[in-house]
Amino acid sequence: MKPTKLIRKMLKTVLDGCSKVGKTSLIMSLVSEEFPDEVPLRAEEITIPADVTPERVPTHIVDYSEAEQSDEQLYQEISKANVICIVYSVNNKKSIEKVTSHWIPLINDRTDKDSRVPLILVGNKSDLVEHSSMETILPIMNQYQDIETCVECSAKNLKNISELFYYAQKAVLHPTGPLYCPEQKELKPSCIKSLTRIFKVSDLDNDGILNDNELNFFQRTCFNTPLAPQALEDVKNVVRRNMADGVKDNGLSLKGFLFLHTLFIQRGRHETTWTVLRRFGYDDDLELTQEYLFPMIKMPPDCTTELNHNAYLFLQSVFDKHDKDRDCALSPDEVKDLFKVFPYMPWGPDVNHTVCTNEQGWITYQGYLSQWTLTTYLDVQRSLEYLGYLGYSIIYEQESQAAAITVTRNKRIDLQKKQTQRSVFRCNVLGGRGSGKSAFLQAFLGKNLQGQRRIREDHKSFYAISTTYVYGQEKYLLLHEVMPDFDFLSEADLACDVVCLVYDINNPGSFEYCAKVYKQYFIDSKTPCVVIAAKSDLHEVRQHHSLSPHEFCRKHKLHPPQPFTCSMAEAPNKDIYTRLTTMAMYPHSRLRCMCASNRCTYCLCQNLLKLELLRSIKAQLRRVLFNRHMAQADLKNSTFWLRASVGATVFAVLGFAMYRALLKQR
């Protein structure tokens with residue numbers, strides 16, 4: 001990502017002041033580079049092209065004439081100005097007095113209090129006096145914070161004419177007001193807060209200091225050039241001479257970092273601080289811009305969002321940076337430290353019951369990545385915002401944090417091609433009240449019933465996410481508990497990759513809800529459905545529905561109800577979650593268990609394995625045929641390749657025969 005600059009289409013500078021102080025002469029001397037013999041009452045409005053200004057911003061200069069313009073015209077120009085130059089004559093005390101008695105109050109009355117226009121005091125006609133007016137002007141500058149600077153010049157001698165308009169540009173593009181308090185001679189709280197975040201983002205190992213490598217990375221990131229070793233030492237020596245704890249272990253501490261920026265501003269180099277702030281996404285009000293936090297990302301319908309490999313590497317580095325005790329879990333203090341670069345705490349107590357935690361209830365490394373995966377899947381804009389706070393685009397030198405996101409292809413294409421590259425699959429869990437949905441979610445996180453009873457009501461989560469392995473591939477399964485409102489299920493309640501219908505085998509009225517939901521919403525759907533017979537450790541009672549759960553599943557060609565319980569001393573069994581992920585990955589596989597047993601796991605997995613074997617055989621055959629074709633075109637030794645192709649064909653036929661044998665095995 002390139003260093004950012006404030007982009008302005010036009011910078012408007014208005015010259016105000018009493019008559020006869022030389023406003024018009026200043027403009028004409030700037031344009032013609034010589035003092036005019038005849039000065040009109042008012043100069044024409046001029047525009048200085050961007051390519052001749054230091055900041056590459058076109059500047060529109062407007063003159064004001066009390067003789068030619070009305071008060072209303074003056075007010076309009078003030079309201080449209082980006083910066084106002086109040087011109088006085090250094091040899092005219094009355095014009096100096098009017099700066100405070102007339103012009104500053106007039107301008108303040110005509111501008112919004114929250115967005116005051118920066119002011120430049122311009123002392124013209126310095127060629128007519130031998131003394132400076134600064135002794136008179138400095139108290140005025142200290143009294144009014146809107147005054148950026150003061151410059152003495154001479155339209156006749158062309159003294160400081162170009163500098164005047166450079167300072168005017170600088171006052172708009174690099175204002176001092178948001179950064180520094182001249183009365184207290186220190187940075188403002190909002191500036192300290194912003195620079196502290198920048199320091200923490202740049203402190204890649206989180207040891208509280210910027211070492212030489214981190215300082216060079218920071219320098220290269222902000223200014224496109226590294227610091228020479230001697231220049232680096234010179235910077236640290238300046239801090240050492242002025243601040244006892246500014247340099248620690250030969251690295252720059254936060255206090256030293258803040259002192260350097262204070263020094264830049266005090267020496268009139270506040271553009272340096274602004275370059276840093278804008279590179280890290282800040283606007284004129286020291287707020288992170290919407291463009292930085294929420295970059296554009298195209299999201300076609302029926303697609304999902306996931307983090308890509310680089311994003312996971314970045315998040316892993318952030319975790320390692322804050323896992324001080326190296327226990328592969330984040331303690332509450334470590335979580336708090338991680339989110340210090342955020343303006344608010346993004347994770348509430350419900351997160352600890354959404355992802356995997358250790359015995360102390362702290363979020364594990366796997367749980368940490370799972371929560372990021374969940375956020376990206378459910379609310380990609382929030383994920384972009386969070387990555388922005390952490391400085392992803394800066395650390396990984398990307399245009400924006402949108403580079404961390406993968407938008408999956410349309411689900412219909414996955415169904416047509418009968419394969420998917422997605423890593424996150426959503427399972428909506430439906431069931432009546434008290435059926436065991438919440439327990440089903442928490443069991444996925446390894447919590448038995450005893451552990452679940454310790455969860456406070458206001459800390460409960462309707463989501464649970466963790467990893468499962470399907471044919472050796474790590475996938476994320478996202479469980480979402482849908483509130484039991486049969487009369488209305490939204491599109492979000494129905495949009496998923498697999499559905500769980502949970503009923504309580506000990507409650508005779510529990511299955512009725514599952515049957516109604518299935519017949520109304522999923523009977524004609526392509527979404528796979530699984531019926532979960534929860535609380536299987538209890539006595540099973542007859543359900544009030546006209547068909548028993550087994551008969552219902554058989555009639556609608558569903559797998560038999562899968563028994564489930566988490567009422568045991570050890571961690572719950574997770575086989576059912578692997579099966580759900582498998583069905584979500586292969587929704588096109590409508591193979592049903594035809595055995596008399598109530599257990600369908602073996603048949604489902606064996607059938608899917610057969611499909612995988614068949615795909616492997618077909619792929620091998622295609623490769624062999626392709627190689628044979630290429631060999632015939634390029635090589636003359638056809639006898640050898642003919643034998644090879646015959647052998648490959650025999651291999652493919654034998655493989656297909658093995659597949660047929662597996663089909664007949666049962």
Leu307 vs Leu315, test: side-chain contact (heavy atoms from CB on, under 4.5 Å). Steps then yes/no.
CA-CA 10 Å; Leu307 295 167; Leu315 293 172; 3.7 Å; yes

Ignoring hydrogens and angles, tell me if any N or O in the side chain of [X] forms a donor-acceptor pair with the backbone of [Y] under 3.5 Å.
X      : Y      : result
Gln371 : Val355 : no
Glu214 : Asp205 : yes
Lys236 : Asn250 : yes
Asn428 : Cys496 : no
Thr364 : Asn358 : no
Asp212 : Gly251 : no
Asn216 : Pro226 : no
Ser510 : Asn507 : no
Asp323 : Cys328 : yes

Counting neighbours of [atom1] on [X] that are heavy atoms of other residues, nucleotides or ligands and sit closer than 6.0 Å, is the number greater than 12?
X      : atom1 : value
Glu570 : CD    : yes
Lys324 : NZ    : yes
Met296 : CE    : no
Phe294 : CZ    : yes
Gln381 : CD    : yes

Would you call the rings of Tyr577 and Phe440 parallel, tilted or perpendicular, taking 30° and 60° as the class edges?
tilted

Can you label the angle between the Tyr365 ring and the Tyr368 ring as parallel, tilted or perpendicular, going by 30° and 60°?
parallel

Check ion pair [X]-[Y] (N to O, under 4.0 angstrom):
X      : Y      : answer
Arg409 : Asp414 : yes
Asp497 : Lys411 : yes
Asp245 : Lys255 : yes
Asp207 : Lys248 : no
Asp283 : Arg278 : no

Could you tell me which non-hydrogen atom of [X] sits nearest to which non-hydrogen atom of [Y], and how far apart they are?
X      : Y      : value
Cys529 : Leu558 : O-CD2, 4.0 Å
Gly208 : Asp203 : N-OD2, 2.8 Å
Ile209 : Ser253 : CG2-CA, 4.3 Å
Ser383 : Thr376 : OG-OG1, 2.8 Å
Ala464 : Leu441 : CB-O, 3.6 Å
Asn308 : Ile405 : ND2-N, 3.9 Å

Under 6.0 Å between the ring centres of His556 and Tyr518?
yes

Close side-chain approach of [X] and [Y], heavy atoms under 4.5 Å:
X      : Y      : answer
Gln401 : Gln398 : no
Tyr586 : Thr420 : no
Glu399 : Ser393 : no
Phe444 : Cys566 : no
Phe425 : Leu478 : no
Val530 : Val499 : no
Val201 : Phe280 : yes
Asp302 : Arg412 : yes

To the nearest 0.5 Å, how far apart are [atom1] in [X] and [atom2] in [Y]?
X      : Y      : atom1 : atom2 : value
Ser567 : Leu449 : OG    : CG    : 5.0 Å
Glu385 : Thr375 : CD    : OG1   : 11.0 Å
Gln366 : Cys356 : CD    : SG    : 7.0 Å
Asp320 : Leu204 : CG    : CG    : 12.5 Å
Leu254 : Phe199 : CG    : CZ    : 5.5 Å
Lys437 : Leu430 : NZ    : CG    : 8.0 Å

Side-chain donor-acceptor contact under 3.5 Å, [X] with [Y]:
X      : Y      : result
Tyr292 : Ser400 : no
Thr408 : Thr304 : yes
Tyr282 : Arg197 : yes
Thr565 : Asp537 : yes
Tyr469 : Glu474 : yes
Asp337 : Asn206 : yes
Gln316 : Tyr312 : no
His261 : Thr273 : yes
Ser438 : Glu481 : yes

Apply the test side-chain contact (heavy atoms from CB on, under 4.5 Å) to residues Ile465 and Thr373: give CA-CA distance (whole Å), side-chain angles for both, the deciding distance (0.1 Å), then the verdict.
CA-CA 9 Å; Ile465 183 171; Thr373 302; 4.1 Å; yes

Asp249 and Asn211: side-chain hydrogen bond (donor to acceptor under 3.5 Å, both in side chains), yes or no, with the steps?
CA-CA 8 Å; Asp249 299 329; Asn211 58 40; over 6 Å; no

Starting from the C-alpha separation in whole Å, work towards a yes-or-no answer on side-chain contact (heavy atoms from CB on, under 4.5 Å) for Val380 and Met299.
CA-CA 10 Å; Val380 68; Met299 185 66 183; 5.5 Å; no

Apply the ring pair (Phe, Tyr, Trp, His ring centres under 6.0 Å) test between Phe314 and each candidate in Trp372, Tyr392, Tyr386, Phe319; give the one that qualifies.
Tyr392

Step-by-step side-chain contact (heavy atoms from CB on, under 4.5 Å) determination, Arg220 to Thr225
CA-CA 5 Å; Arg220 192 175 70 251; Thr225 178; over 6 Å; no

